[in-house]
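Below, read A as the first sequence line, B as the second, and so on, with proteins coming before strands; counting in each chain starts at 1.
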Amino acid sequence: MLALLPMLLWTGPEVTLLGGPSRDGRVLSNVQAPSRDLVLYDVAAKQARTVAAAEGGEYAYFSIVSADGKRVAYAWKNREGFYELRVDGRTVYRNEEAGFVQPCAWSPDGQAVLTLLFRRDNTSQIAMVPLAGGLPRVLKSLAWVYPKRMDLSANGKWIVYDTLAGGERRLYVLAADGSGERMVGEGVFPLWRADGRRVVYAVGEDLWELTVETGARRRLREGLGRFLPLGMTAGDVLVYGVRAGGTEVYYGARQRASLRFPGRNAAPAWSRDGKWLAFVSRRGEENFGEEARVLVVREMASTVEREIDPGLALVDAPAWSGDGRRLLVRGADRQGRAGVFVVDVATGKVTPVEREAGFEPGLFRAAWGEGDTIWVQRGTELRNGERVYREVRAFAVQGKRLAVLYSNGRLEVDGEERGTSSAREIVWRGEKLVGGGAYDASGEREAWTESDARNEIWQWELPR
Amino acid sequence: MSAWWLAAIVTVPLGLDQLIPAPAENPLEPGRVKRGRELFFDKRLSRDGTVACATCHDPARGFADGAARAVGIGGQVGPRRSPRIVNRAYGKTFFWDGRAATLEEQVVQPIANPVEMGMRVEDAAARVGLTREELVRSLASYVRTILAGDSPYDRFIAGDRGALTAEQQAGLKLFRGKANCVACHLGPNLTDEEFHATGPVGADPGRFEVTRREGDRGAFKTPSLRQVAETPPYLHDGSKASLEEVVEFYDQGKGSDPEIRPLGLTAEEKRQLVALLRAFTGRVQEGWP
């Protein structure tokens, strides 16, 4: 008999990889883009039914379908700005101190959900969350590192998870009653096969299998692309997501800023004199997120690209200092503290400007002010030394000039009212304020990010 | 990496991991824990029969002894302070300088140490009618069951917003932000289990003794902060008499570790941090429940 080939189940602009299949493989949960509504997608009928609609800034994130395909457990970003665990619209776990939750598997009896809890001190915890209420049972805590995925065997006895240990992504099997644990191999995104004895996982773009008891391993399939295993059906069909397309930095007459690592570049910044272009670039293993980890600096005259690895867990939104020697970035360090950092372009040395454990990196913005001072926006508060502005949506500085866009849409330039704006972002282009893009000091050179990122959901019936 | 399969389950206090790591060669088992508990209080393990583990690790004093330097047989004074030995099951290395890799390796050292108990381990084992192997396994197993948790801090982390006072909550904000304590004191056990030079380098070379790396001179293992309010004095040499003094020490920020720097804390902020440190005191459970 011919081995079955992988089959494309679903693709389109609405597909994220924040869900998985039911045990019978008939439905997929998905958090729709860009609405962030949680849906159940009927694979045969090709129809999506909304389970939880985003509203008023609240929306769904990770989701998993129960064994009977009837219930969905999902992370829900609430009004207070943290994530709670919900099942079919009902909150089952809500704790600001563990403000990020990733449900990974249902217990076989449907009474509990194996969930990753992320605490504000950047500890991740493997926990069983009871659906009837009561405290989660924390089986194991990990400092500064987090499993990308974990899964519960069909009999509910064994948890498999991956974590960073000694610089490698390693796989562990943990008894669900907390009675023991064992390192079993290397790789990411582990899922149990239906027999509960074998685990499939990713190594780069290849799919591997490990027999836990014997340690025997084999490569099941090569070159699946940038893939993430999403779930396994009772019939041993693997459902996985593939990231196709990507984000790219362009400049001038739509020239690509980099030919290396295509589809993984974003957030360009011109040096003031327009001689250099900096941007961020993704590296390393796949993730549910799309965060970048390295800075690339390109000299425009020679087209030489140099890569700077600042050793941060996350790096974004670079901005050049006036002397062209330093880049101001926002991000998070390896200990999970979000904030604003200065990176020395020649040495890669990182100096924190402001750091805070348990804060969202994306809520920081920073810019160089006059005389190398630094403006930091943390949430809605903007500061530079003694100068403080509140209820700020966005800001832009250029030398002495300061534009502040308030949350209510009021725009102020150099302390003077300039009407209102609905823009989310403001940027100086020479003497003018615009709603986005990256420019040199003259405002003549422009660079921007374009995305054709697309996700696909595939299935493949695993060989025996 | 060694294998960690375990046989039995102990119910842990709130805030701790259900998985209590133990080596495959010495799984937690009630009989051995019980024997270890008896041995822990048994002065026959010291040469002159005057000192037990519990002399320096007194359950009534958070499993420490309240002295700046440990006092062993014949009144001899050792170079370092007796640490609180709670939640050591979750430890990665042992002693202030991390020279022991497992609790099995650790528990024999105080027995053999001439300043502490001053006995050949084989002789100590013979005195209590055990093999060396069984003595070691039993003591290590008992130490693994000394667990501290269920503090106001744990209840707060578990979601009870009223478990910490406003002052303690302000302290927690500092702990994670401006005072940067969370760089080293984190997780259920409030330690990264790593080594840091938090103050000026003194006579004790600390971790350097183990690694011979210059950067490790004066570095010590981050202790868990659980039950810390119960056990003055502080630091490896017992040089700080109170939590207020420890916070003052961090405010000055004179250590060479990159995470240490002057903090510029106000008097009120210092009080808030101390208030938080007191919230790490909870319930201690030991032995087989």
Of the backbone (N, CA, C, O) and the side chain (C-beta and beyond), which part of A:R94 lies under 4.5 Å from a heavy atom of chain B, both, or neither? neither
Is the NZ atom of A:K77 crowded by more than 12 outside heavy atoms at less than 6.0 Å?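 Yes, enclosed.
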Can we say B:R155 and A:E97 salt-bridge, meaning some charged N sits less than 4.0 Å from an Asp/Glu carboxylate O? no
Identify whether the distance between the nearest side-chain nitrogen and carboxylate oxygen of A:E356 and B:K178 falls below 4.0 Å.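 Salt bridge flag = no for B:K178 with A:E356.
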Could you tell me whether the side chain of A:N95 and the main chain of B:I157 form a donor-acceptor pair under 3.5 Å?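 Such a contact is found between A:N95 side chain and B:I157 backbone.
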I'd like to know if the side chain of A:D121 reaches the main chain of B:G187, judged simply by a donor and an acceptor atom lying under 3.5 Å from each other, with no hydrogens or angles considered.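 Answer holds: yes.
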Between B:A183 and A:R337 the two heavy atoms that sit nearest each other are CB-NH1, 3.4 Å
Where is the tightest heavy-atom contact between A:Q125 and B:P188, given as atom of each residue plus distance?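 Smallest heavy-atom distance, with atoms named: NE2-CG, 4.1 Å.
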Shorter than 4.5 Å, heavy atoms on both sides: which option in B:L16, B:D160, B:V182, B:N180 has the most such pairs with chain A? B:N180
Check whether B:F156 gets within reach of chain A through its side chain, its backbone, both or neither, counting any heavy atom under 4.5 Å.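 Contact with chain A: backbone and side chain both.
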Please tell me if the side chains of B:Q18 and A:S179 come closer than 4.5 Å, counting only heavy atoms from C-beta onward. no
Can you tell if the side chain of B:D17 reaches within under 4.5 Å of the side chain of A:L139, non-hydrogen atoms only? no
Mind checking the [atom1]-[atom2] spacing from [X] to [Y]? Nearest 0.5 Å is all I need.
X      : Y      : atom1 : atom2 : value
A:E96  : B:R161 : CD    : CZ    : 4.5 Å
B:E259 : A:D333 : CD    : CG    : 7.0 Å
B:L186 : A:W144 : CG    : CH2   : 5.5 Å

